[in-house]
Amino acid sequence: VSTYNTLLKGLVLADRVFEAEVLFKKLIKDRICEPNEVTYGTIMNGLCKAGNTKIAIRLLRFMEERGCKPSKEVYSTIIDSLCKDKMVDDALTILTEMIDKRVFPNVVTYNSLIYGLCSLGRWEDAKETIIEMDRRKINLDLCTFNTLVDAFCKEGMVEDAESVLRVMIERGEHPDVVTYSSLIDGYCLRGQMKEAMGVFATMIGKKIEPNIITFNSLINGHCKRSNINEAMKVFDEITHRNLVPT
RNA sequence: GGAUCCGAUUACGU
């Protein structure tokens, strides 16, 4: 079954979810092998990525009927997809369901929820979620912090993003290219190019390699301020670093 | 009792 799982994942990665579904159905119909929780997880992930969260939820019910216990990964996949669809309350319902079934959420599950809550501006609920994580002794990880930094930046609350950065460093989590790129984008969105370049200098100082996304944000920021010369300089830097413009 | 393989989360733009 692992072989089929690997193949199914390949199809999903290649955006050939339909073919993955066909193969999945064939496995069951021809009794080639019984799908396990990884198989279901892979197919659900494919369905979700293709925008079929509802069908993925139906598959969740199907696997239960078939006597395969949904893992936390399976629940997390559904929760993540609902959050991305801004159906965070439905996601919270699934969270309650999994806990009722003694399948306990992990940091990934909560990261998706925090992402969803923040993207709806439900800051208080996001805060509550973090408190709940602490209560469950689930440590925030790099992804949690990055999600928060990005959410604040997108709302123009760069000061709050900066305090998240301080907290993460305090907690011994090392900011990475995503953290700094989010911050840079935050300043660029506000047209604060001096600050954006300051963050850029900081990340270089920490030997964190900027990538094409980092530079795209900077170019966007300079162009917004009609500073084409600076934008061109950044563009030269891209070529210099052998990065490929997207 | 232990190890390994297969699934879930974060940044720009399109």
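Here is how names work: the chains are called A, B, and so on, in the same order as the sequence lines, proteins then strands, and each is numbered from 1.
Residue side chain Ser71(A) reaches the base of G7(B) through a donor-acceptor N/O pair under 3.5 Å, judged by distance alone.
As a whole-Å value, the separation of His222(A) NE2 from C12(B) C1' is 14 Å. Distance CD1 (Ile208(A)) to C1' (A11(B)): 13 Å, rounded to an integer number of Å. The separation between Leu113(A) atom CG and U10(B) atom C1' is 14 Å, rounded to whole Å. Taking atom CG on Asp85(A) and atom P on U9(B), their separation rounds to 14 Å, with Å as the unit. Regarding Leu47(A), its CG atom lies at a distance of 14 Å from the C1' atom of A8(B), rounded to whole Å. In this structure, the CD1 atom of Ile213(A) is 6 Å from the C1' atom of A11(B), given to the nearest Å. Straight-line distance from the CG atom of Leu165(A) to the P atom of A11(B): 17 Å, rounded to whole Å. The nearest whole Å value for the distance from the CZ atom in Phe152(A) to the C1' atom in A11(B) is 16 Å.
Counting any heavy atom pair closer than 4.0 Å across all strands shown, Ser182(A) reaches sugar-phosphate atoms only and no base atom. Base engagement by Ser2(A) is indicated by at least one non-hydrogen atom pair under 4.0 Å involving a base atom. Across all strands, Ser181(A) comes closer than 4.0 Å to base atoms (heavy-atom distances). Contacts of Val1(A) with the nucleic acid, taken as non-hydrogen atoms under 4.0 Å apart, are absent.
Side-chain atoms of Thr144(A) and Asp141(A) form a donor-acceptor pair, as typed in the model, at a separation below 3.5 Å.
Phosphate contact (OP1/OP2 of C12(B), side-chain N/O of Asn220(A), threshold under 4.0 Å): absent. At U10(B), one or more side-chain N or O atoms of Lys84(A) fall inside 4.0 Å of OP1 or OP2 (strictly under the cut-off). Phosphate proximity of G13(B) to Lys224(A): absent, as no side-chain N or O sits under 4.0 Å from OP1 or OP2. Look at Lys49(A) and you won't find any side-chain N or O under 4.0 angstrom from OP1 or OP2 of A8(B). Checking the phosphate oxygens (OP1, OP2) of G7(B), a side-chain nitrogen or oxygen of Lys9(A) falls inside 4.0 Å.
With ring centers used as reference points, Phe200(A) lies under 6.0 Å from Phe215(A). In this structure, the ring of Tyr4(A) has its center no less than 6.0 angstrom from the ring center of Phe24(A).
A salt bridge between Arg241(A) and Glu237(A) is present, with a side-chain N of the basic residue lying under 4.0 Å from a carboxylate O of the acidic one. Remark: Glu230(A) does not engage Arg225(A) in a salt bridge, criterion side-chain N to carboxylate O under 4.0 Å. By the 4.0 Å N-to-carboxylate-O rule, Asp89(A) lies close enough to Arg122(A) to be salt-bridged with it. A salt bridge links Glu97(A) with Arg61(A); the closest basic N to acidic carboxylate O contact falls under 4.0 Å. Between Glu132(A) and Lys137(A) there is no salt bridge, since no side-chain N of the basic residue sits under 4.0 Å from a carboxylate O of the acidic one.
Counting only Watson-Crick and G-U wobble pairs whose two distances sit under 3.5 Å, RNA chain B takes part in no stem of three or more pairs.
Picking from U10(B), U9(B), G7(B) the nucleotide with the shortest atom distance to the side chain of Glu37(A) gives G7(B). In the set U10(B), A11(B), C6(B), C6(B) carries the atom at the smallest distance from any side-chain atom of Thr6(A). Side chain of Asn5(A), nearest nucleotide from C6(B), U9(B), G13(B): C6(B).
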